[in-house]
Amino acid sequence: MWNSAFLKVLGLIGLLLVALAAQAAGNSPALDSIRKNGVLRVGVKTDFSPFNSLNAQGEVVGFESDIAALIAQRLGVALKKVSITTENRFQKLELGDVDVLIATVGDTPARRKIATAIEPGYNETSVNVLFKPGDAVDAWSKIRHETICAVQGSYFNKPMSERYLLELQNYKTVRDAQLALHDGQCSGFLYATAALANTSKLPQWQDYTMPLPNALITPMAIFISRNERGSELDLALGNIVAELHRTGWLLEANNKWGIASTSWLTAQKALWSERDTGGLYKCVRNNSGNWIAACRSAENVSSTEAAGVQAVGLWIKEQLGVDLNFVYDPYDRSQFLQGIGYTMLLITAGVAVSLALGLATAVTVDGHSGWSTRAIHAIMAYGRLTPPLLMMYLIFFGFGGWTMHQFGIKLPAFAVAAFCSGYYTAGMVMRAFLEAAAHVRTTEAGYRLRLRRLAPTAQYASWPVKQALINLTKQTMIASAIAIPELLSASSLLIAEKGNIFVTMTVLLITFYLITSLWTRLFNYVEKTWLHTGKAERP
């Protein structure tokens, strides 16, 4: 009996604890404290203009200060800005010195482990390098092993140094890093693009440039304590930011402070403003309090919240640790599929150029002699012996640079790549048909290649032509050298953004093999069909 009573007491205590936990799940000690004190303490940086900086009166002003003021107003409390640095901002939040961080904090998985990120983000951040005069380059690969200044605690330091092999020289503040750059301690300053763009506008920095493409494009989020995840404060701040996207307030504030990048905010405004047929917003919270998966960054969504191919990709990541970002991330998936599409189109165009040019020249020169015939042979031999990559550089950058300078005509990269691949293979196609025609003449005197009578040479020319076209499918990847967004280019971009080298390169290899196998099967089918027709038509 005693045991029975004891178990009942334990059961009641358990139910009480569950009830209290359920009740506390939506409570927010931080919000209760804010309302009790009538003050919202926001951690802000003062060295990141135009997001936040000190004006002539010593006041903290900027894009993020405007957000902080609006949030305090919505909560019905006063605003207190607390100066923080890149190094100590999360320490201040953890110690309770601030209630909220609005301090150019990129929303990354690592930071979500130590604090709560408010969704949606309020702007984007990316990374670039401000170069000294004379040291600027236009490709990240050109600054490998270069000494680059950086600021301690920046989330992008580690991935950027690993992906681009940078030798980072870290300083405690932005000002220190700027001074080091100015004094020649490094060739460039690695930092957030918006801040660098603002710096370059100042008179003393007007000769400094940043021609590199932006890297590590990441949403910036408001952060609160990790214990506040799913709390009333979390939901309230998320609802406020969502409304600021819908009304266009964030986009207007962005323009007000002269922040150059607007594409991300424009896309977010469209996303959060979208309504269904009933006039209700599509981006709403689900039963767990999270925004629906379609309105969140794929990196922050679990497989249970997603559907279709996205759920499959996330499940593989969660259960097997294999990060197939181009499966679960819609943007990365579109890039990868676009790369496959461009590769297939480029192969198709290259095959068409190869066959058309090879057959046309073979028919033209077969059975003829003279200077024009020798000239055609020389031209086709040049194409056969010149590597396609070298040819692309000569035409696109050499001849294309001249046409752009002289006439303002820019050569289309896709057409150049297709022509160079086709031209290289066309010489082999021409040679194969000429040799086949010569062989046919050993039994059929007077035979000449004509477009209407190619079948007699089919069985003799098919194998070398097929091999030449298969090699063409393999060499298509080099088109990325002139900025064609084919498969290799798309994979390189995904690696640069995600750093997922092994998985991405493995999938690239498999996809490349499948594409080559598909084209090989197609060539084999055409060869068999053509040979069958050719044998049937032969006398």
I'd like to know if the side chain of [X] reaches the main chain of [Y], judged simply by a donor and an acceptor atom lying under 3.5 Å from each other, with no hydrogens or angles considered.
X      : Y      : answer
Ser141 : Ala139 : no
Arg111 : Gly106 : yes
Arg246 : Leu271 : no
Arg89  : Lys45  : no
Asn286 : Ser288 : yes
Asn128 : Leu212 : yes
Asn254 : Trp257 : no
Thr147 : Glu167 : no
Thr520 : Thr516 : yes
Arg296 : Asn290 : no

Before giving the answer on side chain to side chain contact (heavy atoms under 4.5 Å, CB included), spell out for Leu518 and Leu522 the whole-Å C-alpha distance, their side-chain angles and the decisive distance to 0.1 Å. CA-CA 6 Å; Leu518 174 63; Leu522 178 60; 5.9 Å; no

Tell me which one of Ile71, Leu70, Val77 satisfies side chain to side chain contact (heavy atoms under 4.5 Å, CB included) with Arg74.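 Testing each of Ile71, Leu70, Val77 against Arg74, the sole residue satisfying side chain to side chain contact (heavy atoms under 4.5 Å, CB included) is Leu70.
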
Are [X] and [Y] side-chain neighbours, meaning at least one heavy-atom pair lies under 4.5 Å?
X      : Y      : answer
Asn239 : Arg285 : yes
Thr266 : Trp264 : no
Phe189 : Tyr171 : no
Val151 : Asp47  : no
Phe51  : Ile259 : yes
Val42  : Leu79  : yes
Trp140 : Pro213 : yes
Tyr328 : Arg333 : no

Listed pairs under 3.5 Å, donor-acceptor, residues 307-316 side chains, sequence neighbours left out:
none

Evaluate the salt bridge (charged side-chain N to carboxylate O under 4.0 Å, His left out) criterion for residues Lys81 and Glu64: first the C-alpha distance (whole Å), next the side-chain angles of each, then the deciding distance (0.1 Å), finally the verdict. CA-CA 11 Å; Lys81 301 175 190 176; Glu64 292 179 330; over 6 Å; no

Tell me whether the rings of Phe414 and Tyr342 are parallel (<30°), tilted (30 to 60°) or perpendicular (>60°).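 The arrangement is perpendicular - the two ring planes meet at more than 60°.
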
Just say parallel, tilted or perpendicular for the rings of Phe523 and Trp519, cut-offs at 30° and 60°.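 The rings of Phe523 and Trp519 sit tilted, inter-plane angle from 30° to 60°.
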
I'd like to know whether CZ of Phe156 has more than 12 heavy-atom contacts from other residues, nucleotides or ligands below 6.0 angstrom.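 Atom CZ in Phe156 is crowded, with more than 12 foreign heavy atoms closer than 6.0 Å.
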
If I compare all heavy atoms of [X] with all of [Y], which pair ends up nearest, and what's the gap?
X      : Y      : value
Ser354 : Ser421 : OG-O, 4.2 Å
Met220 : Thr104 : SD-CA, 3.4 Å
Phe512 : Thr473 : CE1-O, 4.1 Å
Glu94  : Arg226 : OE2-NH2, 3.1 Å
Ile148 : Ser187 : CD1-OG, 3.6 Å
Ala221 : Asp107 : CB-CB, 4.0 Å

Gap between atom [atom2] of [Y] and atom [atom1] of [X] - 0.5 Å precision:
X      : Y      : atom1 : atom2 : value
Asn52  : Asp66  : CG    : CG    : 8.5 Å
Asn214 : Thr125 : CG    : OG1   : 9.5 Å
Ile118 : Leu237 : CD1   : CG    : 4.5 Å
Asp32  : Asn37  : CG    : CG    : 10.5 Å
Leu166 : Glu146 : CG    : CD    : 9.0 Å
Leu472 : Leu346 : CG    : CG    : 8.0 Å

Asp138 vs Lys142, salt bridge (charged side-chain N to carboxylate O under 4.0 Å, His left out): CA-CA, chis, key distance, verdict: CA-CA 8 Å; Asp138 57 1; Lys142 295 180 180 179; 2.9 Å; yes

With disulfide bond (SG atoms under 2.5 Å apart) as the rule and sequence neighbours excluded, what pairs involving residues 299-351 come up?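 For residues 299-351: none.
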
Disulfide bond (SG atoms under 2.5 Å apart): pairs with one or both residues in residues 268-333, sequence neighbours excluded: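 Found Cys283-Cys295.
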
Quick one: list whatever passes side-chain contact (heavy atoms from CB on, under 4.5 Å) with Gln73, sequence neighbours left out.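 Listed in chain order: nothing, the list is empty.
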
With Ser28 as reference, evaluate Glu232, Arg35, Glu228 under the side chain to side chain donor-acceptor pair (under 3.5 Å) test and give the passing residue.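 Exactly one pass, corresponding to Glu228.
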
Kindly determine whether Asp97 and Arg41 satisfy salt bridge (charged side-chain N to carboxylate O under 4.0 Å, His left out), including the steps that lead there. CA-CA 8 Å; Asp97 294 337; Arg41 300 170 301 165; 5.6 Å; no

Between Asn157 and Ser161, is the side chain to side chain donor-acceptor pair (under 3.5 Å) condition met? List the steps. CA-CA 6 Å; Asn157 287 351; Ser161 64; over 6 Å; no

Test side chain to side chain contact (heavy atoms under 4.5 Å, CB included) on Ile67 and Leu250; report intermediate values, then the result. CA-CA 8 Å; Ile67 297 176; Leu250 286 169; 3.8 Å; yes

Can you name the side chain to side chain donor-acceptor pair (under 3.5 Å) partners of Ser126, sequence neighbours left out?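 Testing Ser126 for side chain to side chain donor-acceptor pair (under 3.5 Å), a comparison that skips the adjacent residues, returns Thr193.
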
Disulfide (SG to SG under 2.5 Å) partners of Cys420, counting only residues at least two apart: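 Disulfide (SG to SG under 2.5 Å) list for Cys420, sorted by chain: empty.
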
Step by step, would you call Asp99 with Leu233 a side chain to side chain contact (heavy atoms under 4.5 Å, CB included)? CA-CA 10 Å; Asp99 304 308; Leu233 179 61; 5.7 Å; no

For a side chain to side chain contact (heavy atoms under 4.5 Å, CB included) check, start with the C-alpha distance between Asp323 and Val503, then their side-chain angles and the critical distance, and finish with the verdict. CA-CA 7 Å; Asp323 190 2; Val503 173; 5.5 Å; no

